[in-house]
Amino acid sequence: MRLIEEATVLEHVAFGGGYRRIVFRAPNISRAAAPGQFVHVRIPQLSREALRRPFSIYRADGDELHVMYKPVGRGTHVMEHAHRGDVYSLIGPLGHGFSAEDRDTLPVCVAGGYGVAPLSFLAKRMRRKGVVFIGARAAPDILCTDDFASVGWDVHVATEDGSLGERGLITDALDRWIATRPAGPTPEIFACGPEGLMRALTLRAEKHGWQAWLSLDRPMGCGIGACLSCVQRLRGPDGKEYWARCCTEGPVFAARELVWEHA
Amino acid sequence: MSKAPDMAVTIAGIRMKNPVLLASGTCGYGPEYADLIDLNALGGITVKGILAVPWEGNTPIRLTETPAGLLNAIGLQNPGMEKFISEYMPFLRRHQTAVIVNIWGRTMEEYGEVAARFDDVEGVHALELNISCPNLKAGGMEFGTDPKTAAQVISLVRKRTRLPLIPKLSPTVHAIAQFARVAEESGADAISLINSVPAMVIDVERRRPVLSNGVGGLTGAAIRPIAVRLVWQAARAVKIPIIGMGGISCGRDALEFLIAGASAVAVGTATFLDPGTALRVVSEIETYLQKHNLASVRDVIGTLEVS
Ligand SMILES: Cc1cc2nc3c(=O)[nH]c(=O)nc-3n(C[C@H](O)[C@H](O)[C@H](O)COP(=O)(O)O)c2cc1C
Ligand code: FES
């Protein structure tokens with residue numbers, strides 16, 4: 001069930017690295033939300049004609065719904081000026097997220113930048129403990145490590161400049177872990193971040209024969225499946241390729257169904 | 001307070017409880033918005049363009065925001081008429097709202113084939129004939145920019161269906177009055193206008209169009225004054241009713257179209273921003289009518305005064 005809710009801003013604070021967190025009072029959406037789902041947000045400070053912006057849900061606790069963002073575009077730059085008490089229209093919870101259900105695999109989360117938000121939500125909702133890889137350019141961009149540590153996850157960090165954790169790309173850290181990991185349950189990857197990272201993880205999942213769930217980002221119009229603007233190429237079980245909507249069939253897809261190159 | 005104004009209109013023989021529809025391509029096939037708005041409270045719903053066979057549409061990026069508007073090149077992705085009929089018509093039939101099926105073809109014959117198929121499908125109130133899509137390499141707009149071709153395709157479809165026929169005209173033609181007359185003479189029961197306006201946005205860093213298709217169709221508030229002018233010119237040229245659209249997001253926007261001569265309006269892009277837009281437009285028109293002591297919405301249609 002999709003809901004539309006007038007949500008009051010309860011809190012708006014800066015994280016490190018230019019990231020920010022907004023806490024909305026959105027009791028109905030919050031109670032229905034699952035990890036990997038998103039809300040489509042109308043930013044009241046933008047012009048009346050502006051599109052909504054999709055944000056992954058970072059946390060859903062009772063009446064409170066948290067999203068995390070970095071001001072990068074026109075919408076998020078304006079959102080920086082949100083104040084406590086402002087009212088935002090949210091549509092949600094939207095999309096098909098990650099499964100937090102028990103399985104006999106080892107959950108391995110891989111996050112690039114603010115892609116860590118839905119994964120933190122996932123780790124909190126999972127009963128299993130796993131391993132998380134958080135990567136970014138530099139130390140201030142590494143977020144939410146405590147979210148995972150506090151629920152008993154094994155946290156790995158990599159920065160491109162070496163200012164925190166291992167030096168290099170997060171996929172390098174992941175590869176080193178893969179090469180040396182002790183015997184145990186088969187890894188299952190859950191990831192969110194830039195498209196390059198998603199492609200790299202698709203290759204690794206394929207190589208090792210692991211299940212991987214990747215959350216994708218696309219420009220969105222309606223956010224609810226009506227406009228067909230947010231599509232990603234998939235290959236179905238019958239081998240036939242088709243366009244799936246990131247807002248409805250996604251944003252989380254099984255890596256083995258993704259088709260990255262499309263002529 | 002005066003009594004509630006009469007909002008009913010009759011377009012192409014279809015009685016609608018009010019003159020506000022959802023525009024094709026912006027409301028899917030109905031179920032997408034059903035959680036968020038009461039479809040039964042709408043005058044009608046126009047579904048996304050349907051072809052005889054499934055169609056893939058364009059490679060992404062398919063959409064980008066523009067000042068006061070939206071540029072899209074979806075490329076008419078759709079499941080094809082058979083899947084649409086089996087999967088979505090049962091849902092649409094359960095609702096008390098006019099169902100207008102937007103159709104298109106890659107060839108003239110294909111337009112006829114789709115029209116004929118819908119002729120005996122229960123629950124379809126009218127066909128909207130898209131001869132004005134800017135996002136197709138073949139078909140679409142090429143049928144709507146030459147009056148002779150437009151006449152041919154409308155006449156051909158007219159012979160293949162008993163359903164009311166509503167050609168959707170392109171805003172790019174030189175003389176809209178001429179096209180409106182051509183549509184009327186070729187057997188159209190009403191006219192829809194406007195479709196999106198061909199436009200382009202360029203990413204200067206990459207020196208490439210933002211949309212993979214290059215050109216897209218501009219919609220939203222940015223095109224409203226263009227649409228109002230075209231509706232006004234078309235309405236003066238023909239007797240058949242006009243469904244006006246282009247950038248409507250409130251009652252006053254809709255009233256511009258009605259006053260210019262449209263008998264009904266459709267809301268497109270604005271639904272993405274606020275799913276309740278069309279229903280708000282209905283109530284804002286009602287408020288306007290009460291304020292101006294008008295008993296019926298029909299009393300405002302075509303009442304533009306020009307000195
Ligand atoms: C994403 C999108 C998809 C559309 N798809 C169709 C379509 O399939 N067939 C059609 O006739 N018009 C299509 N249109 C045009 C709309 O029906 C309408 O004519 C146009 O958007 C102007 O109205 P608006 O400014 O209120 O959106 C589409 C518009 C948008 C924004
Ligand atoms: S954003 Fe409209 S279909 Fe996904």
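In what follows, chains carry the letters A, B, and so on, assigned in the order in which the sequence lines appear, proteins first and then strands, with residues in each chain numbered from 1. Just so it is clear, the values below take in all heavy atoms, side chains as well, and ignore hydrogens, waters and symmetry mates.
Applying the salt bridge (charged side-chain N to carboxylate O under 4.0 Å, His left out) rule to A/R25 yields the partners A/D63; only residues at least two apart in sequence or on another chain are considered.
The distance from atom CE of A/M79 to atom CG of A/D86, rounded to the nearest 0.5 Å, is 11.0 Å. The structure places CD of B/E128 at 5.0 Å from OG1 of B/T46, a figure rounded to the nearest 0.5 Å. From B/N72, atom CG reaches atom OG1 of B/T66 across 10.5 Å, with rounding to the nearest 0.5 Å.
Interface residues of residues 27-36 of chain B toward chain A, defined by a heavy-atom distance below 4.5 Å and sorted by number: B/C27, B/G28, B/P31, B/E32, B/Y33, B/D35, B/L36.
Crowding of B/R252 atom CZ: a count of heavy atoms from other residues, nucleotides or ligands under 6.0 Å not exceeding 12.
Looking at A/R2, both its backbone and its side chain come within 4.5 Å of chain B, counting heavy atoms on both sides. Of the atoms belonging to A/I91, it is side-chain heavy atoms, and not backbone ones, that fall under 4.5 Å from chain B. Using a 4.5 Å cut-off between heavy atoms, B/L273 touches chain A through backbone and side chain atoms alike. Interface residue A/R74: only side-chain heavy atoms are found under 4.5 Å from chain B.
Taking B/A221, B/A68, B/S249 one by one and counting their heavy-atom pairs under 4.5 Å with chain A, the maximum is reached by B/A68. With chain B as partner, the option from A/C227, A/A226, A/C230 having the largest number of non-hydrogen pairs under 4.5 angstrom is A/A226. Considering only heavy-atom pairs separated by less than 4.5 Å from chain B, the leading option among A/M1, A/R48, A/M220 is A/M1. Listed options A/G225, A/S229, A/S47 were ranked by heavy-atom pairs under 4.5 angstrom with chain B; first place goes to A/S229.
Ring pair A/Y69/A/F55 is perpendicular by interplanar angle, where above 60° counts as perpendicular and below 30° as parallel. Ring-plane geometry between A/H40 and A/F38 is classed as perpendicular, the angle between the planes exceeding 60 degrees on a 0 to 90 degree scale with a lower cut at 30.
Put simply, the residue from B/L279, B/V282, B/L21 that forms a side chain to side chain contact (heavy atoms under 4.5 Å, CB included) with B/L42 is B/L279.
Judged by a 6.0 Å distance limit and a 45° cone about the ring axis, A/K124 is positioned over the six-membered ring of A/Y58.
The minimum heavy-atom distance linking B/N58 with B/A73 is given by the pair ND2-O, 3.1 Å.
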